[in-house]
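By convention here, the first residue in the shown sequence is residue 1.
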Amino acid sequence: MPGVGMLLVIVGAIFLTGAVAFYISRNVEHGEARFGPGGEQLPTHPPEPEKKDMSVTVTREREDR
């Protein structure tokens, strides 16, 4: 069966490439440098919007009649 050896070489190369890519993805710090207009580094996450107090207090007026 000619070509079986070449097939094994190709499958082995694919496996090793995947193993190297997995190792790199787990052990290398990812990210890109992001800088604002003044040169300062921007935060990695956008700031959360301010939450306004939406609570309501219900009081019942006492009626003594």
Can you list the residues that meet the side-chain contact (heavy atoms from CB on, under 4.5 Å) rule with Val20, with sequence neighbours excluded? Ile24
For Val9, the other hydrophobic cluster members (4.5 Å side-chain criterion, sorted by chain and number) are none
Quick one: name the residues clustered hydrophobically with Met6, using the 4.5 Å side-chain heavy-atom rule over I, L, V, M, F, W, Y, and just say none if it's on its own. Ile10, Ile14
Show me the donor-acceptor pairs, under 3.5 Å and distance only, between side chains in residues 51-58 and residues at least two apart or in other chains.
from: Asp53; atom 1: OD1; to: Ser55; atom 2: N; distance (Å): 3.2
from: Asp53; atom 1: OD1; to: Ser55; atom 2: OG; distance (Å): 2.9
from: Asp53; atom 1: OD2; to: Ser55; atom 2: OG; distance (Å): 3.3

Taking side-chain contact (heavy atoms from CB on, under 4.5 Å) as the definition, give me every residue that meets it alongside Phe22, ordered by chain and number, with sequence neighbours left out. Ser25, Arg26
